[in-house]
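Below, chain A is the first sequence line, B the second, and so on; all start at residue 1.
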Protein chains: 2
Amino acid sequence: MSRKQKSSSRPGHLVVVGGAEDREQDKPILREFARLSGGEKARIAVLTAASSIQDEIWEIYDKAFGDLGVEQRMPFVINSRDEANDPHRVEQLLGATGIYMTGGDQKRLLAMLGGTALDSALHRAFFEHGTCIGGTSAGASAMSGHMLAESLNDSIPQKGSVNLAAGLGFLHRVVIDQHFSARQRLGRLLAVVAQNPYLFGVGIDEDTALVIEYGKRFEVIGEGAVTVLDGRQMSSNFLTINHHEHLELIDVRLHLFPAGARYEAGEPGDEGCTGLPESLREIVSVITNRDYLS
Amino acid sequence: MSRKQKSSSRPGHLVVVGGAEDREQDKPILREFARLSGGEKARIAVLTAASSIQDEIWEIYDKAFGDLGVEQRMPFVINSRDEANDPHRVEQLLGATGIYMTGGDQKRLLAMLGGTALDSALHRAFFEHGTCIGGTSAGASAMSGHMLAESLNDSIPQKGSVNLAAGLGFLHRVVIDQHFSARQRLGRLLAVVAQNPYLFGVGIDEDTALVIEYGKRFEVIGEGAVTVLDGRQMSSNFLTINHHEHLELIDVRLHLFPAGARYEAGEPGDEGCTGLPESLREIVSVITNRDYLS
């Protein structure tokens, strides 16, 4: 029951959605997720464990994916860690070609799933079977190894105002935030970067997705943009102020990727991300997980 | 009727307020403005021309400054350019030790005042008499030479989504935006910087002020923070996309100054802003207007 990937890995796509994706009209993000999961032949599992109203959420996605022509749709209502260790559920999950993690509370999702057989199965599905993994809102935040767990709802970044927790670890060295523009989350993502300059802050707007072809490229689709904060060159007052005092930050690098932005990680063996501005190379390498494949 | 400053200039302070400043409780920002205007002996003129409900706005500030112990308070309700050229009003304004420009619409304020005798008088008051000039919301935006006039209310920066106009010109090489965090204005300030990399974007939060001692130092006071965007090292797709397409921006530098942040411009004759990180020197020099004094 580990997340270790095999050397024979052939991972699929990650579809990291900023919440509030269109589920009723044209549904471009869900459509793309379904396409990457095999289109009409996809077998899509909807993992609702982040939510406290799992049945309602399942109905919404059941209808949405049905409208998109996906015939095989499986609810994954999980209510306990025992259920998340049930070998029968594991077999079911491994039969999926796409797994979509809904919104709710990412802490609930990880408390339910973290370290269970289903957690391992998610990673086996992705790394061994090439299953497409999608996540929206809480399901998006849960995808990184360091997961944004909670924050003071304060647009002014304070020391100690943001707590991280252990996420699912499909993405490394990033923290994902969602509903980014709509909920004015620049402040809290700056607070993450101030305390964790090793991590890149990735803010995804509503109805917008970061589509990652693991190790190869990423692309932004949908209505909004993806904002990346890079604190590597930053200086701040973090070390000299007290808990809950306000942060002063100098030289945070900000990158804005609108829908249509697409970056290639380059071929294995080359120096990586050739042709990119120096400041973007490591970001593209990190977001695509270029260096995490064996 | 020009804005030219005399060589004998001894400018006062600018108090650039991000809107929604406390006018009823402790009023720390209005209190500081009153103090810089002479305290209880201040003669404060409230210039309401940006607003379409000037009498109501005057009453609010009349009470607020009265509560702060300022006995001499003058309404400056201006309804036409003729009034803004009235020598009697000019004399009145030159008698003030503090001039506070209220919120409303900065386009209205400039269309009423721009190029009038009252416009010149504002500059004479500031540069020759050391009168303190405050402005909140629209009154803050109006302070820069290039003024943010209007924008599509869209958090995703688009080419051509932001229009600048001519402001009052107390600040150079910056564009001021207000209600910055509360109204999710990162997107529109990024759009300004994308089109105008020569200008620094200065976003001021509500109940927060940038207090500038002209040529010498600046300080942030209040509840929120001041965000500065620097696009000098930025690369973008601006030149290759069409009107209303989404902007892709790489390497915007972001600086966050919370309340209490204070920067010194250094002495005239030195290289300026010594002891500051390289990337901040020009910003501090620009915001303090260090190089615009004769």
Rounded to the nearest 0.5 Å, what separation is found between the [atom1] atom of [X] and the [atom2] atom of [Y]?
X	Y	atom1	atom2	answer
B/Glu248	A/Tyr263	CD	OH	3.5 Å
A/Ile156	B/Leu256	CD1	CG	7.0 Å
B/Leu186	A/Leu186	CG	CG	5.5 Å

Counting heavy-atom pairs under 4.5 Å with chain A, which one of [options] comes out on top?
options	value
B/Pro157, B/Gly187, B/Ala182, B/Ala225	B/Ala182
B/Leu247, B/Asp230, B/Ile250, B/Asn237	B/Ile250
B/Ser235, B/Ala261, B/Gly260, B/Ala259	B/Ala261

Which one of A/Leu229, A/Leu249, A/Thr227 has the most heavy-atom pairs closer than 4.5 Å to chain B?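 Option with the greatest count: A/Leu249.
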For A/His179, I'd like to know if atom NE2 has over 12 heavy atoms of other residues, nucleotides or ligands within 6.0 Å. yes
Using non-hydrogen atoms and a 4.5 Å limit, figure out which bit of B/Glu223 sits close to chain A: side chain, backbone, both or neither. backbone
The single option from B/Glu245, B/His246, B/Gln158 passing side chain to side chain contact (heavy atoms under 4.5 Å, CB included) against A/Pro258: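 Among B/Glu245, B/His246, B/Gln158, the one that satisfies the side chain to side chain contact (heavy atoms under 4.5 Å, CB included) with A/Pro258 is B/His246.
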Closest contact, heavy atoms only, A/Arg253 versus B/Arg253: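 For A/Arg253 and B/Arg253, the tightest heavy-atom pair comes out as NE-NE, 3.1 Å.
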Show the numbers, then the answer: is there a side chain to side chain contact (heavy atoms under 4.5 Å, CB included) between B/His255 and A/Asp251? CA-CA 6 Å; B/His255 311 289; A/Asp251 265 339; 3.3 Å; yes
Quick one: do A/Leu254 and B/Leu190 satisfy side chain to side chain contact (heavy atoms under 4.5 Å, CB included)? Show the steps, please. CA-CA 10 Å; A/Leu254 182 152; B/Leu190 284 169; 4.0 Å; yes
